[in-house]
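Below, read A as the first sequence line, B as the second, and so on, with proteins coming before strands; counting in each chain starts at 1.
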Number of protein chains: 2
Amino acid sequence: MPADAPDRTRDPDRTRADILDVATSEFADKGYAGARVDEIAARTSTTKRMIYYYFGNKEQLYIAVLERAYTGIRAVEQELDVDHLDPVDAIRRLAELTFDHHESHPDFVRLVSIENIDRAEHIARSPVLSGLATPAVDVLARILDRGREAGVFRADADPLDVHMVISAFCVFRTANRHTFHAIFQRDMLDPARRDHYRALLGDLVLAHLAAR
Amino acid sequence: MPADAPDRTRDPDRTRADILDVATSEFADKGYAGARVDEIAARTSTTKRMIYYYFGNKEQLYIAVLERAYTGIRAVEQELDVDHLDPVDAIRRLAELTFDHHESHPDFVRLVSIENIDRAEHIARSPVLSGLATPAVDVLARILDRGREAGVFRADADPLDVHMVISAFCVFRTANRHTFHAIFQRDMLDPARRDHYRALLGDLVLAHLAAR
DNA sequence: GTCTATAGGTCGATAGAC
DNA sequence: GTCTATCGACCTATAGAC
């Protein structure tokens, strides 16, 4: 074997990972129905035969993509050292972490949109995904409790509502940027406006949470 | 012709409208790539031949669907008698109108999501759509100006930012409801929670706009 | 009703690892 | 020698188009 082709020995893990990487990018790019198994195969260093060998069919491949994408997310909120921060700072930090995460994972945001077009039927079909609790809400609940006790947050704030507002802002900014730009000629992902939006999200949530 | 088949006389407008209605529902349901021309034809009272006769091909049919869906929206903000309302009330009213509109037009929201997956390429290809200004932002600008003059709104509020926040909330609530429910077991469109969300949106925007 | 391209899915066989 | 990763070719249904 020539020295410049060391990778074409058998390596199941590598092959699987290669397929998953390419499939993630292809499904995120074209949607489930729009993605082509042939195209995925062409972009891997292996063949279509291997896709069916490892993943069975197109849908199972897509579910495997979703599972990896979702589980790769879970650690985000754990980065937050919530108990050593002032509640107001903690909320802003959490909003910023979520903001940054969405910005740096456009494929994930697109996969979520695609999955909503399909009414989350693939998530429902995956035990891994349907049983996936996000720690974000627990973290939020702890922050809100501490803020309430300190008298800085309103009494009726709901963790899941706060999470929803933060997600809505971050998801909309990335997922809907194309139609928004087409209609309003403003690019919500323009780096020049990034700090503005990041601050806006924190301000928005904190203004709402403030005790009156 | 038998007396019980009166509708099969020629009526081009009716045929076109029939095709557009069915196509809207089919594209919104399955996405662009997932929709089937055969299926659309089967659900109309005409034939596939007529779809190609009137619309040329699948993509042009889809663009026609988008054009009708978008232009059907424009009147919403005009319902608001903005100049005879207190600015605070006007903002809340506008948020509620947008909220109600998204809730009552799920097909439109889905079409927008689908179009974002395709990076708004069809909108860009349609002169009608790419030149479509939404009056929402002008209305918002007028309200914000009056609120600023009255000293009740902050000086640095941007109309398009406010529109973005309102849209983000309303779009997320409908477009992402399936994955949100799958992960958090909360249905954001549950009628029992409708008033809560509607009020939350107004509170959120107004808390942010309030002069400090 | 028909044509044609294509897309998802399968088969027989080979070759490297132990 | 067996197992399993790998491969190119092949099959068939279907979807867009006329």
Under 3.5 Å between N/O atoms: give me all the protein pairs with nucleotides 10-12 of chain D, atom names plus distance.
none

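Between the CG atom of A:Asp13 and the C1' atom of D:dT6 there is a distance of 15 Å, given to the nearest Å. Atom CD1 of A:Ile19 and atom C1' of D:dT6 are 11 Å apart (whole Å).
Interface residues of residues 55-67 of chain B facing DNA chain C, ordered by number: none; criterion, heavy-atom separation under 4.0 Å.
Counting non-hydrogen atoms under 4.0 angstrom, A:Ala41 reaches nothing in the nucleic acid.
Distances from the side chain of A:Tyr53 to the nucleotides C:dG9, D:dT6, D:dC7 place D:dT6 closest.
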### Message
For a quick check, with a 4.0 angstrom heavy-atom cut-off, what is the B/S/- contact string for nucleotides 12-18 of chain C, read 5' to 3'?
### Response
B--BBS-
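The salt bridge (charged side-chain N to carboxylate O under 4.0 Å, His left out) check on B:Glu115 picks up nothing, with sequence neighbours excluded. When the salt bridge (charged side-chain N to carboxylate O under 4.0 Å, His left out) test is applied to A:Lys48, the partners found at least two apart in sequence or on another chain are A:Asp38.
Taking 4.0 Å as the cut-off between side-chain N and carboxylate O, B:Asp21 and B:Arg43 do not count as a salt-bridged pair. Taking 4.0 Å as the cut-off between side-chain N and carboxylate O, A:Arg125 and A:Glu59 count as a salt-bridged pair.
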Acceptor/donor pairs from residues 188-195 of chain B side chains to any protein atom, 3.5 angstrom cut, sequence neighbours excluded:
unit_1   : atom_1 : unit_2   : atom_2 : d
B:Asp190 : OD1    : B:Ala192 : N      : 2.9
B:Arg194 : NH1    : B:Glu103 : OE2    : 2.5

